[in-house]
Amino acid sequence: MGERRAALVTGSSSGIGLGIATAFAKAGMDVTLNGLGDAAEIEKIRSGLERETGVTVRYDGANLMQPDACTGMIESAIGALGRLDVLVNNAGIQFVSPIEDFPVDKYNAIIALNLSSAFHTIRGAMRAMKAARYGRIINIASAHGHVASPFKSAYVAAKHGIIGLTKTVALEGATFNVRCNAISPGYVLTGLVESQIPDTMKARNMTREQVINDVLLAAQPTKEFVKVEQVASVALFLTTPAADEINGAALNVDGGWTAQ
Ligand code: NAD
């Protein structure tokens, strides 16, 4: 393939998404970044990545809580780069609370972003991918797509859901050379995890160190956080020909968490 592939990574202004977008740009793909945050900060990331890699790096600030924003972002990306080969649904948020106190608006927001936004972006991208006879869709699930932890009812429900969505899309795209897989990371020390430490301290009446060692890494047998670059490498692998027959899978990158 002579021309450059084009990828879009949702929630790539920080954390795992930024790691994946960086790996893709370094591998020679044009990339659309997305995510919320400080405009100047994001522009610095965008222009820096473009300068470093020589590919086109664009940014779309769509708020993916809204279905129309999801499909609008896909249309703009195809319009700007002329194609969409790789779609990574990564944007996600977390909220931790016993279910009886779980705010309904937080539940709705987690389902909207962590699950429904992936439905809407895939719905918007699938026709073009089928027509191009090429598409690689990667959904960032979680170990919580396979197993549960208390106080994370919305997140665990959304992550279990996205693995079901992944399998369905894998079947629909199978004969069109469109692949859909999930990656299920264990704990990665990003802003998302940092920010749930105080809530977990409160919910369980623990110190920060206790939360890290006895809650976050309790189930991760390696006793190490997964690194952003390790998740990004698996995502990049899923775009290579070696992975062409991987379809509908949820690949665990969790240090053995879900082996238990
Ligand atoms: P993060 O907070 O660093 O990144 C989340 C990204 O989503 C950011 O770019 C943020 O701007 C974006 N985002 C938030 N709300 C948005 C909205 N309304 N519209 C568009 N973008 C929005 O978190 P992260 O840890 O890098 O998480 C990325 C994904 O990985 C999430 O789906 C998360 O559930 C998953 N995950 C994370 C871990 C972990 O331990 N960090 C483990 C398993 C799975």
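No experiment lies behind these values; they were computed from the predicted model shown. Numbers here are sequence positions counted from 1. Order of appearance sets the numbers: ligands from 1, and atoms from 1 within every ligand.
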Please check this pair: side chain of Tyr59 against backbone of Gly35, looking for a donor-acceptor N/O pair closer than 3.5 Å. yes

Can you see whether Tyr134 has Arg83 sitting over its ring - NZ or CZ less than 6.0 Å from the centre and within 45° of the normal? no

To which protein heavy atom is atom 40 (O) of ligand 1 closest, and what is the distance rounded to 0.1 Å? Val188 N, 2.6 Å

Heavy-atom pair with the smallest gap, counting every atom of Val253 and Val226: O-CG2, 3.3 Å

I'd like to check which ligand 1 atoms, numbered from 1 as shown, lie under 4.0 Å from a non-hydrogen atom of Val193. 39 (C), 40 (O), 41 (N)

Is there a donor-acceptor contact under 3.5 Å from the side chain of Gln94 to the main chain of Tyr155? no

Considering only the protein, which heavy-atom contact is closest to atom 12 (C) of ligand 1, and what is its distance? Gly11 CA, 3.6 Å

Rounded distance (nearest 0.5 Å) linking atom CG of Leu81 with atom OG of Ser76: 10.5 Å

Could you tell me which atoms of ligand 1, counted from 1 in the order shown, lie closer than 4.0 angstrom to a heavy atom of Tyr187? 40 (O)

Among Asp244, Thr239, Asn181, which residue meets the side-chain hydrogen bond (donor to acceptor under 3.5 Å, both in side chains) test with Arg136? Asp244

Walk me through it: do Asn89 and Asn139 pass the test side-chain hydrogen bond (donor to acceptor under 3.5 Å, both in side chains)? CA-CA 5 Å; Asn89 290 300; Asn139 297 321; 2.9 Å; yes

Would you mind running through ligand 1 and noting each atom that sits below 4.0 Å from a heavy atom of Met65? 18 (N)

Would you give the length of the straight line joining atom OG of Ser97 to atom OH of Tyr107, rounded to the nearest 0.5 angstrom? 14.0 Å

Atom CD of Glu229 and atom CG of Leu236: how far apart are they, to the nearest 0.5 Å? 13.0 Å

Any idea which protein heavy atom is nearest atom 5 (C) of ligand 1, and the distance to it? Gly92 O, 3.7 Å

Can you confirm, on distance only, whether ligand 1 has an N/O atom lying under 3.5 Å from any N/O atom belonging to Gly37? no

Between Phe237 and Ala243, the two heavy atoms sitting closest are O-CB, 3.3 Å

Looking only at protein heavy atoms, what sits closest to atom 19 (N) of ligand 1 is Leu64 N, 3.0 Å

Heavy-atom gap Phe225 to ligand 1 smaller than 4.0 Å: no

What is the distance from atom CZ of Arg46 to atom OG1 of Thr32, rounded to the nearest 0.5 Å? 11.0 Å

Looking at every non-hydrogen atom in both residues, tell me the closest pair between Gly11 and Asn34 and how far apart they are. N-OD1, 3.0 Å

Can you tell me which residue and heavy atom of the protein come closest to atom 34 (O) of ligand 1, and the distance to 0.1 Å? Tyr155 OH, 2.5 Å

If we only count N/O pairs under 3.5 Å, is Ile16 in contact with ligand 1? yes

Does the residue Lys159 have a heavy-atom contact with ligand 1, meaning some pair of atoms that are separated by less than 4.0 Å? yes

With backbone taken as N, CA, C and O and side chain as the heavy atoms from C-beta onward, which portion of Ala62 lies under 4.0 Å from ligand 1: side chain, backbone, both, or neither? backbone

Can you report which non-hydrogen protein atom sits closest to atom 23 (O) of ligand 1, along with the distance? Leu192 CB, 3.2 Å

Closest protein heavy atom to atom 14 (C) of ligand 1, given as residue, atom name and distance to 0.1 Å: Leu113 CD2, 3.9 Å

A student comparing Gly35, Ser14, Ser117 should find that the heavy atom closest to atom 1 (P) of ligand 1 comes from Ser14

I'd like to know if the side chain of Lys159 reaches the main chain of Ala143, judged simply by a donor and an acceptor atom lying under 3.5 Å from each other, with no hydrogens or angles considered. no

Do you know which two heavy atoms are closest between Gly19 and Val228, and how far apart they sit? CA-CG1, 3.6 Å

Within the structure, is a non-hydrogen atom of Ile140 found at a distance of less than 4.0 Å from ligand 1? yes

Among Ala69, Ala21, Ser13, Ala141, whose heavy atom sits nearest atom 10 (C) of ligand 1? Ser13

Within a distance under 4.0 Å of any heavy atom of Ala91, pick out the atoms of ligand 1 and give their elements. 7 (O), 21 (N), 32 (O)

Go through ligand 1 atom by atom and flag the ones less than 4.0 Å from a non-hydrogen atom of Asn34. 20 (C), 21 (N)

Option set Leu216, Asn90, Thr190, criterion heavy-atom distance to atom 29 (C) of ligand 1, minimum: Asn90

Heavy-atom nearest option to atom 38 (C) of ligand 1, drawn from Gly145, Gly186, Ser142, Ser12: Gly186

Closest to atom 18 (N) of ligand 1 among protein heavy atoms sits Asn63 OD1, 2.8 Å

